[in-house]
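Read the numbers this way: they start at 1 and go in the same order the structure lists the ligands and their atoms.
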Amino acid sequence: ITRFPLIPVRGVPLMNYIANNWDNIWAFCPDPSDLLIATYPKAGTTWTQEIVDLLLHNGDAEACKRAPTPVRSPFLEIVSPPPIPSGLDRLEKMDPPRVIKTHLPFQLVPPGFWENKCKVIYVARNAKDNLVSYYYFDLMNQSQPEPGPFGGYIHKFMQGELSWGSWYDHVKGYWLEREKRNILYLFYEDMKENPRREVERIMKYLDLSVSDEVVSQIVELTSFKNMKENPMANYSCIPSPVFDKSISPFMRKGEVGDWKNHFTAEQSKLFDEDYEKQMKDVDIPFRTLI
Ligand code: A3P
């Protein structure tokens, strides 16, 4: 297993096997019925994907399991090192409407998504928890660059040097376009606070209507505890040399505010000062930063 180096694509550092396939990714043209779930890594992608899949199957977990691939919605980008098939290969073999995941920042989303007016769900998570979750992911995912010590990792995050680039640009890019492009912009903290409310928001955005009972069932099936046990959600299908689960499980903690167990007071202060500067031009209602 190789820890792939990062190569910038229009200034955004991406793993080299993604950067090397960039032309194919940019040319990808979705069907207007396709749905895109977009996130900065570790913001709640899998959780949202699970909710969407269950909504599309009227809460029937068995029907979800019969879906064709072990991890259901493919990433648009090639996320798996060869020989695991790329997201593009898998998408070509699926019939629309498809659910497609991406970590690409707004400006790198292939233009076909906007031309075809695809629906897009974006999930954002507060910066500090997102950073901590990404740190553990980089420790355990042997195809990501080495995270190094936590203190240095904070600097890389602030400078946008991690894979997929700057968290700040990512959350702002989709935020600024959300009205024009009809993007449903969700927050991880809202999902934790009131999962039922957020499941219903997703349902309405997708023009679906499932019964109250099914909504309750979906909330239950997508609780952290249940998803941790669910092989369709916990990435147990990714072979252990790639995801080293002895370092950290994919479904790690699922909490808001875990950053407090990792940042020192000094690191937190430095981070907050920088955050003010980087976020001063937008007013995105992130919570639980303090
Ligand atoms: P932690 O590392 O903080 O535990 P992604 O799917 O974008 O990679 O995000 C993974 C993060 O979302 C992990 O965060 C994971 O535990 C958390 N997560 C996944 N499913 C969840 C759920 N049902 N409830 C709460 N958190 C969840």
Side-chain angles (χ1 to χ4, degrees), residues 15 36-55 59 61 64 71-77 79-80 87 99-105 121-141 143-144 147 150 153 157 162-164 167 170-171 174 185-199 202 215-238 242-245 247-263 286-289:
M15 277 182 281
L36 187 67
I37 298 177
T39 59
Y40 191 74
K42 313 317 289 178
T45 329
T46 316
W47 190 6
T48 309
Q49 177 199 354
E50 193 70 13
I51 293 170
V52 165
D53 284 342
L54 282 162
L55 279 169
C64 288
V71 178
R72 285 188 299 273
S73 333
F75 276 98
L76 170 62
E77 322 80 28
V79 284
S80 310
V99 181
I100 305 171
K101 288 182 289 183
T102 189
H103 291 318
L104 289 169
I121 299 178
Y122 186 77
V123 191
R125 185 177 191 182
N126 81 75
K128 285 172 169 171
D129 283 334
N130 205 144
L131 182 158
V132 169
S133 184
Y134 205 178
Y135 178 70
Y136 279 97
F137 187 65
D138 280 353
L139 282 176
M140 68 85 108
N141 182 344
S143 68
Q144 286 273 105
F150 186 68
Y153 194 81
F157 183 97
L162 302 178
S163 195
W164 309 101
W167 175 92
H170 212 284
V171 297
Y174 287 91
Y185 199 103
L186 302 174
F187 293 94
Y188 180 94
E189 294 74 22
D190 291 346
M191 291 167 66
K192 283 292 291 186
E193 180 185 72
N194 190 338
R196 184 178 189 100
R197 179 188 62 209
E198 301 306 304
V199 168
I202 297 173
V215 170
S216 305
Q217 192 178 319
I218 293 175
V219 169
E220 177 62 20
L221 287 168
T222 57
S223 69
F224 180 79
K225 193 173 144 285
N226 281 331
M227 277 184 56
K228 199 175 165 69
E229 305 298 319
N230 177 357
M232 298 290 288
N234 65 16
Y235 279 79
S236 53
C237 60
I238 303 281
V242 184
F243 281 9
D244 186 341
K245 289 160 200 112
I247 298 175
S248 175
F250 183 84
M251 298 285 297
R252 191 184 61 91
K253 214 163 176 183
E255 294 290 341
V256 176
D258 186 40
W259 67 267
K260 289 177 191 159
N261 300 317
H262 295 84
F263 282 66
F286 280 108
R287 294 186 292 150
T288 67
L289 259 181

(request) Say whether Lys192, considering both its backbone and side-chain N or O atoms, lies within less than 3.5 Å of an N or O atom on ligand 1. (result) no
(request) Using side-chain contact (heavy atoms from CB on, under 4.5 Å) as the criterion, list what pairs up with Ser216, not counting sequence neighbours. (result) Arg196
(request) May I ask you to decide if Asp258's main-chain N or O and Asp129's side chain share a donor-acceptor pair within less than 3.5 Å? (result) yes
(message) Looking only at distances, can you tell me whether any N or O atom of Glu255, backbone or side chain, sits closer than 3.5 Å to an N or O atom of ligand 1?
(response) no
(request) Validate the cation-pi geometry between Lys42 and Tyr134: distance from NZ or CZ to the six-membered ring centre under 6.0 Å, angle to the ring axis within 45°. (result) no
(message) In this structure, does ligand 1 have an atom that sits under 4.0 Å from one of the heavy atoms of Met191?
(response) no
(request) Measure up the Phe243 and Phe250 rings against each other and bin them: parallel (under 30°), tilted (30 to 60°), perpendicular (over 60°). (result) parallel
(message) Starting from atom 1 (P) of ligand 1, what is the nearest protein heavy atom, named by residue and atom, and what distance separates them?
(response) Ser133 OG, 3.4 Å
(request) Return the residue, atom name and 0.1 Å-rounded distance of the protein heavy atom closest to atom 6 (O) of ligand 1. (result) Thr46 OG1, 2.5 Å
(request) Please write down residue, atom name and distance for the protein heavy atom closest to atom 7 (O) of ligand 1. (result) Thr45 OG1, 2.4 Å
(request) For ligand 1, find out whether one of its N or O atoms is nearer than 3.5 Å to an N or O atom of Pro41. (result) no
(message) Within the structure, is a non-hydrogen atom of Phe250 found at a distance of less than 4.0 Å from ligand 1?
(response) yes
(message) Considering both backbone and side-chain atoms of Gly254, is one of its nitrogen or oxygen atoms within less than 3.5 Å of a nitrogen or oxygen in ligand 1?
(response) yes
(request) Identify the protein heavy atom lying closest to atom 20 (N) of ligand 1, giving its residue, its atom name and the separation to 0.1 Å. (result) Met251 CE, 3.3 Å
(request) Just need the protein heavy atom nearest to atom 17 (C) of ligand 1, so name the residue and atom and give the distance. (result) Tyr188 OH, 3.9 Å
(request) Give yes if a backbone or side-chain nitrogen or oxygen of Met227 is under 3.5 Å from a nitrogen or oxygen of ligand 1, and no if not. (result) no
(message) Please list, in number order, the atoms of ligand 1 under 4.0 Å from a heavy atom of Ser223.
(response) 23 (N)
(request) Return the residue, atom name and 0.1 Å-rounded distance of the protein heavy atom closest to atom 23 (N) of ligand 1. (result) Thr222 O, 2.9 Å
(request) State whether Phe263 and Lys128 meet the cation-pi test: NZ (Lys) or CZ (Arg) under 6.0 Å from the six-membered ring centroid, and within 45° of the perpendicular axis. (result) yes
(request) Tell me which protein heavy atom sits closest to atom 8 (O) of ligand 1, plus the residue, atom name and distance to 0.1 Å. (result) Lys42 NZ, 3.0 Å
